[in-house]
Every structure is written in C-alpha cells, then in structure tokens.
2 protein chains.
Amino acid sequence: MHSEVVASRSADPKGPSSKHGGSPSLDAVSLAIIEQLQEDGRRPYAAIGKAVGLSEAAVRQRVQKLLDQGVMQIVAVTDPLTVGFRRQAMVGINAEGDLDPVADALTAMPECEYVVMTAGSFDLMVEVVCEDDDHLLDVINKRIRALPGVRSTESFVYLKLKKQTYMWGTR
Amino acid sequence: MHSEVVASRSADPKGPSSKHGGSPSLDAVSLAIIEQLQEDGRRPYAAIGKAVGLSEAAVRQRVQKLLDQGVMQIVAVTDPLTVGFRRQAMVGINAEGDLDPVADALTAMPECEYVVMTAGSFDLMVEVVCEDDDHLLDVINKRIRALPGVRSTESFVYLKLKKQTYMWGTR
DNA sequence: CCTCGCACCTACGAAATCCGTGAGTATCGG
DNA sequence: CCGATACTCACGGATTTCGTAGGTGCGAGG
C-alpha cells in the first residue's frame, strides 16, 4: 500500500543530460516529494520516504536541495484580508521596451508579493498587499507608475479571496 | 535578543472585541506565530515560542487551531512552470447577477488554484494551472465560459513567474 | 580498459523535537 | 460564584531530525 512510486534505481535525478540548460530538470521522485509537501508542509521525511520509495535521509537531502535551489519553498500561507486590516489588489501593467528591468524593479518592492510576465493585453501582472488605502494608492500611483518604461496600469482591488491552493500535483 | 513580542499575559487571543465583525480576529501573538512560519514553515515550536514569548505547548495549540480554522496552511509552493510541462494563466471574468454561485463553481474546478472577487473591470479573477495548451483551451473556453452568469472572459497566459512570496508580515 | 571524481543513496547513533497528558493559575462572562 | 478558556510547567516515550560514514553507479580522461 501507500502507492509506492517505484522509480527504479536507474531513473537518475540530476539528469546525465542537464538538457537545455536552464531548468533544474526534476525527476519523478522529486515531483512526488513535492506533492507530499503540498499536502502537508510539515510531513516527516520518513513518511514521505515511505510514500515515494526512498530512505528518510535521501528525502531529507532532496528536500534541502530543492529549497536551496529555490525550486520550492515551505511556508505558511494565509489570506491577508482575513488576517487583518489590509488592502490587496492585482495590477495589470503595460510597458514599453525590455520588460525585465521593470519586472526586477517590481520584484524589489516588498509590497509586491507576486510578479509575473504575461501574454495578452497586459505585459505584467502584480499582486500587491498593503496596509490600507493610502498605502495602496501610494504604491500604485507613485511607485509603480513612476517606473521607467511603464506606460499604463489597471487595478483590481480584492474584495474577497475565495480559493487558494497549491496542489497541482494531486489530481 | 530575539526581539521578544511581549504580549503581556492579558492580551487575550480570542478577542473580547471581535471588532469589525466576521474575521476570526487574530491577536498580535498569533500574527507573530504566522510570521515565523512564513519565514520557515518547518520551524520547531520551541523556537517559535522563544520568538513570540510563549511556551512550546501553547504555540503547538495555537498553530493547530490556526490550521483547523483554515486561517493558515503550511505547504510547499513552487512555480508550476519551472516544475515542468504546464500552462498557466490568469483569467479575468465578467458576470451578471450574483457572483457567489459563479465563484463557487470556479472554486470547485481543480485547475483553478486561485479565485478572487474583485472591483474593477473584472468581477472575478482566476488563476488556472493546466497540463498543456489543449487543456488550457478546454478549461477556459469550454468550462469557464459555459458557467451560467459568465458574460465574458479575458486571458493572460503566464510567460514567466518573477516573484512569489508570502512574507507580508516581515517588513 | 581502468581509475578518479561526483552525485546519490543507505545505514546508524545521538540529539532534538513532537505530542499527549495532567495539574495549577488567571481572566472573562453569565 | 461558577464554568469556560487559555496559558504555563512538567514529563516521558515515540518520533524525527541531523551529521556523517560507507557503498554504488556512471561519465570523463588517461
């Protein structure tokens, strides 16, 4: 039972290839480990090992590497609005020229929790979390719009968060 | 050292106030606990207790309650695009009538990881995670647009995730 | 073909943590 | 005054974490 993953010993994790460069190239076992931790970020290594067919130590080392590489993070997540007195919004941005500098500048702002480059009528989308209306206004109108390259923005203030999960693995 | 939170014994957690209504109304200590777990979801209870000025057992009970109440969840988060072969997009939705049934229907879809009601030119925004283009097309055009009440949608396919944090507490 | 080096795994013991539990205290609300 | 709630302190066994030593497979280079 436990639906072992049986990855056979030969499915080497770190890819002999290291294909196309960039991606850390995760194997099936690491994927399975991540799935386990998406269900419960505090699940013990031994339990994960049993589920994916690895020893406790091996799981521990893999997890540590995934964390070090920044592939995954184990954290507490909440709904900021529930947690209290805060304003949250999604901001769509249009910019000209190279988008990377703009994205990097947004990333540097602590109020921006989520920055993504998109295709469609926005070039970038950013989720901002603020203390109150004044703070939100300041961030959007004074700081984001002031960035060089930013042509225009459109804001969507959050009224209610209905769902927030991270279990793409389990379905 | 450790920047204790010194909440004094009298700051009762379950709020005698229960201000502005609905919210579970978290006190400063629970907030501090959440902040600790936003930095590291696996931090031991004793360490958290030392940081927030509570005993190990008290922290354990608080964390359990926060998890049970659904105020917080401790999970592994990743960038689905990095983890592999997947298409991701933000979808803005306009609908007519009561939005709750629509939001609930979206919440029920496993591909929707994030559902939020907004003010602005969209009524709802949804983040979808899909296997591939076909899957994405199916979800957006066949399932979301088919929901009763949905008037129109606009999609923003993710090209690159630049930032993803959950540390609103620490700044 | 052989050997070095690397990445990954298993094995194991010691230290730390988790977790259930029970007694005693303080505060709040009825 | 009483009940409910929440916290502290304390304990002990089970479990987990963590460092580390030892073994193995595989590619690179001689």
Side-chain angles (χ1 to χ4, degrees), chain A residues 2 4-34 36-37 39-76, chain B residues 2 4-19 23-34 36-37 39-69 71-76:
Chain A
H2 275 114
E4 308 245 341
V5 161
V6 185
S8 108
R9 207 79 333 125
S10 48
D12 58 333
K14 219 32 204 283
S17 43
S18 180
K19 294 235 178 59
H20 59 54
S23 311
S25 81
L26 305 184
D27 67 354
V29 179
S30 288
L31 262 300
I33 291 174
I34 294 175
Q36 293 289 316
L37 290 170
E39 291 177 21
D40 176 7
R42 273 180 169 257
R43 184 162 299 170
Y45 296 132
I48 298 173
K50 206 158 303 181
V52 307
L54 238 56
S55 72
E56 174 270 338
V59 173
R60 193 190 341 139
Q61 290 160 12
R62 289 238 193 185
V63 169
Q64 194 54 55
K65 182 172 307 180
L66 290 171
L67 294 174
D68 290 343
Q69 289 175 167
V71 173
M72 150 184 100
Q73 45 184 327
I74 300 176
V75 293
Chain B
H2 277 112
E4 309 245 339
V5 161
V6 186
S8 104
R9 206 80 334 121
S10 48
D12 59 335
K14 222 32 203 289
S17 45
S18 183
K19 294 234 179 59
S23 317
S25 79
L26 305 184
D27 68 353
V29 180
S30 288
L31 262 301
I33 290 174
I34 294 175
Q36 292 290 315
L37 291 170
E39 290 177 23
D40 175 7
R42 275 181 168 256
R43 183 162 301 170
Y45 296 132
I48 298 172
K50 205 158 304 183
V52 307
L54 240 52
S55 70
E56 176 267 345
V59 172
R60 201 190 332 143
Q61 291 161 15
R62 288 241 194 182
V63 169
Q64 194 55 54
K65 183 173 306 180
L66 290 171
L67 293 175
D68 290 344
Q69 288 176 167
V71 173
M72 147 184 105
Q73 45 184 328
I74 300 176
V75 293

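All chains are named by letter (A, B, ...) in the order of the sequence lines, taking the proteins before the strands, and each is independently numbered beginning at 1.
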Legend entry - side chain to side chain contact (heavy atoms under 4.5 Å, CB included) between A/Q36 and A/V59, worked out: CA-CA 11 Å; A/Q36 293 289 316; A/V59 173; over 6 Å; no

Legend entry - Distance in angstrom units between A/D27 CG and D/dG25 C1', rounded: 15 Å

Legend entry - Partner set under side-chain hydrogen bond (donor to acceptor under 3.5 Å, both in side chains) for A/E56, not counting sequence neighbours: A/R60

Legend entry - Value in whole Å for how far the P atom of C/dC18 lies from CD1 of B/I74: 11 Å

Legend entry - Degree of bending in the helix from C/dC1-D/dG30 to C/dG30-D/dC1 once both end axes are built from five pairs, to 10°: 40°

Legend entry - 4.5 Å side-chain heavy-atom contact, B/L66 and B/L37: no

Legend entry - Between C1' of C/dC9 and CZ of A/R62, the distance in whole Å: 9 Å

Legend entry - Distance, nearest 0.5 Å, that separates CZ of B/R42 from OH of A/Y45: 4.5 Å

Legend entry - Presence of A/K65 side-chain N/O under 4.0 Å of C/dA7 phosphate oxygens OP1/OP2: no

Legend entry - pair A/V63-A/M72: side-chain heavy atoms closer than 4.5 Å: yes

Are any protein N/O atoms closer than 3.5 Å to N/O atoms in nucleotides 17-21 of chain D? If there are, list each pair with its distance.
residue : atom : partner : partner atom : Å
D/dT17  : OP1  : B/R42   : NH1          : 2.9
D/dT17  : OP2  : A/Y45   : N            : 3.0
D/dC18  : N4   : A/R60   : NH2          : 3.3
D/dG19  : N7   : A/R60   : NH1          : 3.0
D/dG19  : O6   : A/R60   : NH2          : 3.2

Legend entry - Distance-minimising heavy-atom pair for A/G41 and A/I74: O-CG2, 3.5 Å

Inset, instruction - Decide yes or no on side chain to side chain contact (heavy atoms under 4.5 Å, CB included) for A/D27 and A/R62, but give the supporting numbers first. - result: CA-CA 11 Å; A/D27 67 354; A/R62 289 238 193 185; 2.9 Å; yes

Legend entry - Euclidean distance, atom CG of residue A/L66 to atom P of C/dC8 [Å, nearest integer]: 11 Å

Legend entry - Nearest heavy-atom neighbours spanning B/R43 and B/I48: O-CD1, 3.6 Å

